[in-house]
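Counting convention: from 1, in listed order, for ligands and their atoms alike. One is the number of the first residue; the rest follow in order along the sequence.
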Amino acid sequence: MKRICFCVVVLFSVMTARHAVAASERMNVLLLIVDDLNSWMLGDTNRYAGKVVAPNIRKLAESGVIFNRAYTACPYCSPSRTAFLSGISPMKSGVYDNGVDMDRSSALQQSTPLPELFRKSGYYTASYGKVAHGFDPKDSWNDRIGHRRDPVPPGAPFLSFTRGEQDWGPIHLAEEEMNDTKYADAAIKQLQKKHDKPFLVACGLFHPHMPWYVPQKYFDLFPLNEVTVPELMTDDLDDVPPLGRAVTNGKSKFVEQVLAHGLHREAVQAYLASTAYSDAQMGCVLDALDKSPYRDNTIVVMMSDNGFHLGEKNHWQKATLWEEATHVLLMFRIPGMTHAGGVSERFVSLQDLYPTLAELCGIKPPDDVDGSSLVPLLKNPDAEWKSTAISALYDRYVSIRTERFRYTRYADDQEEFYDCSKDPREWTNVINNPEYAAEIKKLRASVPTQSDMALPIPSKKDKQ
Ligand SMILES: [Ca+2]
């Protein structure tokens with residue numbers, strides 16, 4: 001009997017050794033999420049304004065590894081965050097839209113949310129601001145401040161043609177009264193505390209989500225004559241299938257109004273202003289970390305949840321399968337692993353966050369977790385990689401990016417195909433060009449069929 005027990009203990013030790021790190025030696029995690037921040041700041045930072053738009057995020061990127069080609073699993077707040085916090089891809093959870101009834105996804109119900117895995121593994125967990133959305137594992141956090149929007153300024157909406165959130169202008173609040181500032185302050189407090197356990201502190205900032213109400217000083221950073229607007233192609237949607245055009249419904253009218261009122265430049269200025277405000281808050285949190293005793297044993301991750309259109313493809317905001325909405329920011333600074341100035345051009349997904357953080361912290365992820373740990377790329381940003389990223393949306397629309405192409409399939413099997421090496425703005429759908437027949441066939445076969453994808457979970461409104 002004794003021998004059997006001994007064997008069991010040895011076996012258990014061998015099984016866990018690969019992932020086992022004493023809780024006290026584990027790295028802390030600071031997870032920073034910025035809402036609706038597109039990829040404009042990648043590459044030429046002066047493309048949209050005469051200066052670096054987000055200096056603090058830029059500084060963080062330069063101190064570690066930035067993924068220039070990171071894509072969201074679903075280009076919409078709730079499904080994107082649900083995918084990376086649950087580890088379950090939309091194609092398995094059926095969560096492809098905002099406002100769905102998460103209780104009806106059996107894959108999600110059986111999942112172990114990332115903060116839950118960390119809490120069970122001996123971490124102190126805290127969530128401030130907009131971290132989860134819809135799928136919200138509230139009990140997984142030891143401390144939590146949920147997201148609330150700032151009050152609307154008196155006199156808003158400032159745009160004559162809008163009601164609701166599609167608006168911008170100076171806010172009436174002092175910066176310290178704004179909610180994103182408070183979330184950053186709460187994260188800073190955690191970094192100033194003495195912790196006897198490793199921590200996972202997540203801080204999610206709402207800006208530059210609309211409406212763009214931020215202090216005037218952030219608008220002043222971007223004089224209108226220095227602001228460049230994205231180039232638009234007026235007949236861009238003519239070669240897009242009907243369901244692709246339909247994703248712009250409800251937003252195209254807003255674009256037309258912005259253009260008709262000559263406000264495109266002002267809109268870009270407001271987006272940059274809102275980004276700069278968020279960046280300033282991120283800067284405060286990162287400064288607090290660098291001044292804390294945790295600087296050298298804390299992993300920093302900064303990411304956005306989805307991209308953002310400002311008129312391209314006659315669309316505003318997100319929830320499309322084009323580059324503007326699917327391409328996101330993702331960067332890591334890992335003491336002892338990443339080297340300053342690391343840039344990876346490999347194509348990766350936000351779905352990879354869960355297995356990456358689990359591996360970095362020596363925690364075994366659940367077997368059903370999707371995505372791949374990015375640790376090999378964090379060690380060597382040029383490592384060999386599969387280098388594709390899949391995004392899904394609505395009724396099992398699916399899109400795959402490879403280093404050269406984008407292939408998209410809608411619910412009625414109509415398709416788009418772009419040669420992004422020649423056409424980075426995805427202006428010309430070449431699905432019928434025989435020159436690409438072999439590549440199209442290959443990519444068509446590389447995305448899951450509709451029957452392989454979970455049915456869309458119904459909206460909460462449809463709850464019986
Ligand atoms: Ca087009």
* Asked: Near the Ca ion (ligand 1), is there an N/O/S atom from Asp239 that is less than 3.0 Å away?
  -> yes
* Does Val240 put an N, O or S atom under 3.0 Å from the Ca ion (ligand 1)? -> no
* **Identified side-chain contact (heavy atoms from CB on, under 4.5 Å) partner of Ser274 from the options Trp212, Trp168, Phe219** => Trp212
* For the residue pair Asn56 and Leu286, what are the closest heavy atoms and their distance? -> O-CD1, 4.2 Å
* When rounded to the nearest 0.5 angstrom, what is the spacing between CH2 in Trp40 and CZ in Phe308? -> 8.5 Å
* Do any of the N/O/S atoms of Asp235, backbone or side chain, fall under 3.0 Å from the Ca ion (ligand 1)? -> no
* Asked: Which of these passes salt bridge (Lys or Arg N to Asp or Glu O under 4.0 Å) with Arg425: Glu231, Glu312, Glu323?
  -> Glu231
* **At the Ca ion (ligand 1): angle between Trp427 atom O and Asp236 atom O, to 10 degrees** => 150°
